[in-house]
There are 2 protein chains.
Amino acid sequence: MGEKVAESGLYGIGEAAARTGASERALRYYQELGLLTPCARTPGGMRRYSEADLARVARIRELQSLLGLNLDEIAVVMRSDDRMSEIKAAYQGTKAGTAERAALLEESLELQEHLLQLVQAKKAALEDFLSDLEGRIARIEELGER
Amino acid sequence: MGEKVAESGLYGIGEAAARTGASERALRYYQELGLLTPCARTPGGMRRYSEADLARVARIRELQSLLGLNLDEIAVVMRSDDRMSEIKAAYQGTKAGTAERAALLEESLELQEHLLQLVQAKKAALEDFLSDLEGRIARIEELGER
DNA sequence: AATAAACCTGACGTTGACGTGAGCGTCTGA
DNA sequence: TCAGACGCTCACGTCAACGTCAGGTTTATT
């Protein structure tokens, strides 16, 4: 029970949903938006998800809940990530970088740094909120005793 | 331009919207949900917002964007906040606390501490995300030079 | 007194992120 | 080999959080 499908080392959509906490519908929807294409299908057409696919789902959900990005914004981030992987893969072959590759790198770097700004701002805001909250709690406790 | 209405020291809904970044519709909607009732109306029925009202809007928006709470959840938090104010106000009069007051305090305390858990969890997750992101950026830069 | 700008209350429309069901094919264990 | 579980593709439904009119009122200014 709760196992990989056959000997493939892959998961069916049910297991994938169970393991990620997303619904099956959500997984299919992410695919519709081009966010996550399962690494394989069976000859009969059933989706098969790899561990990497599950990690991708986790990333999507984090970008959603932690940063409050919508799925279109997340798509941008993911596509940038994907291009980085491509570039890394292509790196083995071509040795030196073409101008095109440099441009992609630059673009990706900018996006990630923009993301960094966002995360840092959010973290700062959260810290402010936290100390405010601690103050509130202290005042409540103060009202409680005595 | 962009000023308080008359000599009242209060704002019309337009100014309130401009100052908080929320739309007029959003402000009316918050009121529908009982999240925020403008402190006054003109004899003719137009809403007047105080600075405290604007602060309340800011709080709502923070709970939304920072913690990802929905407006119903926010309503719970706000009502708890309001009850704290009531209790504080009543405190001046009654001297010692009734059992009822103690119960309200306890309830409020629990809610705020639950909120605290949430915020701390979120902060931790954000920090993880942040270091991950910094790693990504470092690797991109590494690919760039050389 | 009159005009424009700001605001009012319904009430229906929109958008994102799925939920839900129909009707049908696929896979796996006994 | 076949029953039951699992999955597939449409396609319409839902829900929160507003957006966007319409048709009338209030307020500020001239």
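Reminder, nothing fancy here: chain letters follow the sequence lines and each chain counts from 1. Because the structure is a prediction, the values reported are computed rather than measured.
Contact annotation: Tyr30(B) side-chain N/O to dC18(D) OP1/OP2 distance is under 4.0 Å. OP1 or OP2 of dT27(D) lies within a sub-4.0 Å distance of a side-chain N or O belonging to Thr42(B). In terms of phosphate contacts, Arg25(A) brings no side-chain nitrogen or oxygen within less than 4.0 Å of OP1 or OP2 of dG16(C). Between Arg61(A) and the phosphate of dC18(C), there is a side-chain N or O to OP1/OP2 separation shorter than 4.0 Å.
Between the C1' atom of dT27(D) and the CD atom of Glu15(B) lies a distance of 15 Å, rounded to the nearest Å. With rounding to whole Å, Ile60(A) atom CD1 is found 17 Å from dG16(C) atom P. Spacing between atom OH of Tyr29(A) and atom P of dT14(D) amounts to 18 Å, rounded to whole angstrom units.
Residues Leu54(A) and Tyr29(A) share a single hydrophobic cluster, defined by chaining ILVMFWY side chains whose heavy atoms lie under 4.5 Å apart.
No side-chain heavy atom of Leu67(B) sits less than 4.5 Å from a side-chain heavy atom of Glu62(B).
Rounding to the nearest 0.5 angstrom, the gap separating the CG atom in Leu133(A) from the CD atom in Gln120(B) is 8.5 Å.
Listed nucleotides: dT27(D), dC7(C), dC8(D). Nearest to the side chain of Arg47(A): dC8(D). Nearest nucleotide to the Asn70(B) side chain, out of dG19(C), dC18(D), dA16(D): dA16(D).
Contact annotation for Arg28(A): base contact, defined as any heavy-atom pair under 4.0 Å involving a base atom. Residue contacts for Gln64(B): at a heavy-atom cut-off of 4.0 Å it reaches the sugar-phosphate backbone alone, with no base atom in range.
Within 6.0 Å of atom CD in Glu32(A), more than 12 heavy atoms from other residues, nucleotides or ligands are found, so the atom counts as buried in its surroundings.
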